[in-house]
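Quick note on labels: first sequence line is chain A, next is B, and so on, each numbered from 1. Both backbone and side-chain heavy atoms feed into the values below; hydrogens, waters and symmetry mates do not.
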Amino acid sequence: MGYTILDQRHVARGKHHSNRERLLRRARAILDAQVRDQLKKQDITHIGSADSRRITIRGSSMHEPTFRHSGRGVFEGILPGNKQFNPGDKIPIDHGGGSGGKEGSLEGDEDGADLVLTEEEYDDILFDGCELPDLVKKRVAVMTNMERVRAGIAREGPYTKIHIPRSLGNAMVRRKAATIPREKKIKALAAEREALIQALDEQAPAGDPRRMRIAEIEEEIARLRKRINAVPFFDPLDLRFKRTSLEPKPVVNAVMFCLLDVSASIGDEEIEIAILFFLMLYRFLNRKYEHVEVRFLQHTTEAVEVTQTDFFKHRRTGGTVVSTAYDLMLRIVKEHYPLDEWNIYASQCSDGENALDDMELAMERIVDVLDVTQYVAYAEINKRPEIASALWKGMSAIAPEYPHLAMRHLRTKADIYPVFRELFTKGG
Amino acid sequence: MMLLYDSEEWTAERLQKATDAICRIYDKEIGIPYYPFQIRMITSDQMMDTYITHGLPFGYAHWSYGKRFAQLKREYDRGSIRLALELVINSDPCILYCIEENTTTANAMVIAHAGCGHNAFFANNYLFKQWTNPQGIVEYAAFAERYIAACEAEHGYNAVEKVLDAAHSLIPHGVHHYTHPKKFSLDDERKRLHKRLAEQERMHNVLMPQPMPPPEVSAPKKGTLDEPMENVLYFIEKNAPMLPTWKREIIRIVYVLAQYFYSQRLTKNINEGFATAVHYHVMGRLYEEKLITDASFERFLRLHTNIIMQPDFDVPDFRGINPYAVSFATFQDIKRMCTNPTEEDRKWFSGMVKRPWKDVWKDAVEMCRDDSFFLHHLSPQTIRDYRLFSIIGDFTHDHVLVTAIHRDDGYQDVRRTFAEQYEPNRLVPLIEVTGFDVLGDRTIEMRHREIGGRTLDEADVVQTLAHAETLWEFPAELKAINGAGDVTYHARVMNGSPSYYVKYRQ
């Protein structure tokens, strides 16, 4: 009998994407909780690794209830593999976890699903709701990409751009305009004819003017019908096309300055926390923003700008003079980032220590920094936050006048993700 | 004769040769007619997509399908070939899927199994003839996919998800068992839709706006039904007083598809047994005629053995009766009994043993579903081979009782019990709509007929009632009534919160 063979491997249907998308959306709360838990336990340097992206979705939101048996009650069943039983024998049921004896399988394990999230999906969850605050300044760069945008309807255009609903709508309107008055006329004429026919039945003469009138009416009706049928379903005048135009796409410019204290006062553990914090920040910026520049500044008694690779390899020598970092940042801003076009951000990690004689200058400089930035995040790595450090004291003093200065403590690695979220969440 | 294929790397040409031979053998030696079929070559990812929609090339999106996809992928990665065999749909032309990663032999097996076996079953079995429309189902599925996507665009994901979640919970109770509505016809659906769309066009008429037509369903007149209605979704769709059209349409889509698959649920065992028997016969013949190599046949045998594996009950691997196993054995035993009957066979199947086995196969395929198939064909030999025994009891207690084993005095009972496992009301609790509170708060009233003290899972009952309330838009209640007429359980959900009038006795 007949058959055909079709090769459909190239047909990209990807239906599972829409199903998966809906699953992830529904399981969002579960995923968030799992990711957060993971980050507490695992080494944060492994964020985004395949292992960390392995998720088990299980929970009440995954349950699909239905009217079903509870398992209580008398069931009859069949089992294969009788070795020694006779009718009347009793088989004990092991409720402690053996499989045996169950006639139908219950749902138990089936309410879960194991997935491996893609990196994008993982980052979406990680950074859900995070954003750079107050990203307001936009500028239209000369060398930006132009963007094609929809710009209404045109009466002419290529056939690929036909706006079908509009065109058909116009056609419908035109048809109705042409037919409805005629239909009305036909209706009136038909009524007249009916009346005449009624009147005529009572008398019979042939050359009666009413008969002629009836014939006229019928001719007229036929003519009108013909005109109605001749109204075309579609007319080129009905056509409408989608119009697009090229518009320059405004680009949001932002630059994030990462300031890291690498002096000797910072211990191994502290610097690791700082590095991880910046790693997370960097990943977030890369994932969410296309046009954010990141500048890496390290300082001890002097500040220097380093590459990304070097930034994450710390070096520790010397004392701490924080104002040098602020100085360097302000210099770079002046040279490269005109304030009317750039949104400036700064994130600083430090243990809070600073050379005593530098404090006054540092505070002056930080005010300068605050004056040019949209937002400054200060994360202090301090195991004993109840003893306020020099920088903390200084910043707390000026904080009331600068609401866009955010200060947090980081005690352990487990704090990194929650603090990061606090610092960079909408409304946070 | 020349080998059909000399390599396990399949090509369209090799598959074609194999299919020609398979069809030739099947037509000559088994001969039950089937629809023309389409073999679609797909990747394993596509397979899992298609598996979610039960083989239909179209289907709407839902999070539960995402969950199933993840579960399936895990099972497939563990090497379950069975998934591949089940990917065929009841349609005309019949569509079956071959997976890219499979060898030529495996694909040949799939073609014999699904292209001839399942196909013939769908084309001839009375349940499918009664309840399904193979000519229209693919188009209907495409319509369903588009319609629900349009609803999502217009009303938002969450609103649609709510309706689908609720409708899904009632799918086991969204089919007609007994009453016979008009057979689903795609033409009727089209006419109905056209009528609905014409109404909508009239509403949008820019020149002559008309007043809103009255809702399609007028307020239901009666509170109690003459006969209880076992299709809860159907009842809700037809009678919910204030449901908007789009929600009604979605419920309708869900139960139309449920009805289409209902026949498959009731014939899972016999269908798989038959298709397995077909592939076993055909592949065996291909080997006898030296059309496939020793190595290919051995590969086939390994796959086949894997599929019909039936672990004993006391083995950790045991997961219930394998639908491929005992039913395949039953079909094979029919063959044996009709060719070389023993005294015992003549005693048990006096009429059958005189007939050619392929006629008996054909009658079974046409006229049986799972329970009736086993009731009339399960042989003592097969019961002995699998050492089947029947048990009775409450599995939440500490023991169950053995009632019959593979002995002369036990075969009848074992067979009866085996068949009754697949009785439709065993698989799914019997729930019916008895009416609704027309004078009061319009609560929809449902009843569970409790048999053998088999109670319902309470947590699920409450959640499902909440879903019923979502669809019905008024409260929903359920009463469980046992054989003596006593109410053993009575709960009602209003605004999502349950009230309990009677709770199960512990």
Side-chain angles (χ1 to χ4, degrees), chain A residues 1-9 13 15-16 18-26 57 62-83 85-93 95 99-105 110 113-115 169 173 176-177 180, chain B residues 12 15 19 23 36-43 49 61-67 69-71 74 100 169 172-173 206-207 310 312-314 316 318 320 386-392 394-396 398-405 417-418 421 429 431 452-457 460-461 463-464:
Chain A
M1 257 223 234
Y3 68 90
T4 44
I5 303 185
L6 297 173
D7 187 341
Q8 297 216 308
R9 290 169 295 170
R13 282 199 61 237
K15 175 55 73 58
H16 62 280
S18 15
N19 287 327
R20 186 184 168 97
E21 197 191 344
R22 283 164 182 72
L23 175 69
L24 292 182
R25 189 184 302 132
R26 186 179 177 91
I57 302 185
M62 289 291 108
H63 183 58
E64 296 171 80
T66 176
F67 289 129
R68 60 182 181 87
H69 286 130
S70 61
R72 272 196 303 130
V74 175
F75 287 85
E76 275 191 272
I78 294 281
L79 294 175
N82 183 7
K83 316 271 190 316
F85 298 119
N86 281 306
D89 286 351
K90 296 199 180 127
I91 308 182
I93 301 180
H95 287 294
S99 60
K102 204 63 188 239
E103 166 208 351
S105 57
E110 287 174 22
D114 291 329
L115 293 175
V173 170
K176 295 233 184 268
I180 288 177
Chain B
L15 284 183
T19 310
C23 288
F37 58 95
Q38 251 186 39
I39 304 170
R40 295 196 182 183
M41 303 304 307
I42 54 175
T43 64
D49 262 345
H62 190 250
W63 63 265
S64 66
Y65 300 149
K67 177 178 115 184
F69 183 94
Q71 291 169 340
R74 191 172 42 166
E100 185 181 41
S169 76
H173 300 99
V206 292
L207 288 190
Q310 175 65 67
D312 288 349
F313 79 100
D314 48 3
F318 177 68
Y386 284 94
R387 299 169 148 257
L388 300 175
F389 63 105
S390 58
I391 51 173
I392 189 169
D394 185 327
F395 288 87
T396 56
D398 57 11
H399 70 270
V400 290
L401 197 65
V402 176
T403 46
I405 66 169
T417 310
F418 193 94
Q421 287 180 108
I431 309 272
R454 294 195 279 274
T455 58
L456 300 174
D457 180 290
D460 263 17
V461 163
Q463 289 184 40
T464 311

* To do: Considering non-hydrogen atoms only, spot the tightest contact between B:Lys67 and A:Met62 and give its length.
  => NZ-O, 2.9 Å
* What is the distance from atom CG of A:Leu115 to atom CZ of B:Phe69, rounded to the nearest 0.5 Å? -> 10.0 Å
* Which heavy atom in B:Ile392 sits nearest to a heavy atom in A:Val74, and how many Å separate them? -> CG1-CG1, 3.6 Å
* Considering all heavy atoms of both residues, which atom of A:Ser18 and which atom of B:Ala61 are nearest to each other, and what is their separation? -> CB-CB, 3.9 Å
* Structure fact -> Taken to the nearest 0.5 Å, the spacing of A:Arg26 CZ from B:His62 NE2 works out to 6.5 Å
* A:Gln8 and its side-chain contact (heavy atoms from CB on, under 4.5 Å) partner, picked from B:Ile42, B:Ile39, B:Thr43 -> B:Ile42
* Asked: So, do A:Pro87 and B:Ile405 sit near enough that their side-chain heavy atoms are less than 4.5 Å apart?
  -> yes
* Structure fact -> Among B:Ser390, B:Pro429, B:Ser64, the residue with the most heavy-atom pairs under 4.5 Å to chain A is B:Pro429
* Candidate pair A:Arg68 and B:Thr464, rule side-chain contact (heavy atoms from CB on, under 4.5 Å), full reasoning -> CA-CA 10 Å; A:Arg68 60 182 181 87; B:Thr464 311; over 6 Å; no
* To do: Measure B:Leu15 against the heavy atoms of chain A and call it side chain, backbone, both or neither at under 4.5 Å.
  => both
* Taking all non-hydrogen atoms of both residues into account, name the closest pair between A:Glu64 and B:Trp63 and its distance. => CG-CH2, 3.8 Å
* Is there side-chain contact between B:Ile391 and A:Phe85, with at least one heavy-atom pair below 4.5 Å? -> no
* Looking at B:Phe418, B:Phe389, B:Tyr386, B:Tyr65, which makes the most heavy-atom pairs under 4.5 Å with chain A? -> B:Phe389
* Has the side chain of A:Ser70 got a donor or acceptor atom that lies under 3.5 Å from a matching backbone atom of B:Thr455? -> yes
* Determine the minimum heavy-atom distance between A:Gly71 and B:Asp394, stating which atoms define it. => O-OD1, 3.8 Å
* Structure fact -> The ring pair (Phe, Tyr, Trp, His ring centres under 6.0 Å) partners of A:Phe67 (sequence neighbours excluded) come to B:His173
* Roughly how far, to the nearest 0.5 Å, is the NE2 atom of A:His69 from the CG atom of B:Asp460? -> 12.5 Å
* Atom pair CG (B:Asp457) and OG1 (A:Thr66), whose distance is rounded to the nearest 0.5 Å -> 10.0 Å
* Measure the shortest side-chain to side-chain distance between A:Tyr3 and B:Pro36 over non-hydrogen atoms and say whether it is less than 4.5 angstrom. => no
* Going from CD on B:Gln38 to OG1 on A:Thr4, what distance comes out if it is rounded to the nearest 0.5 angstrom? -> 4.5 Å
* What distance separates B:Asp314 CG from A:Asn82 CG, expressed to the nearest 0.5 Å? -> 9.5 Å
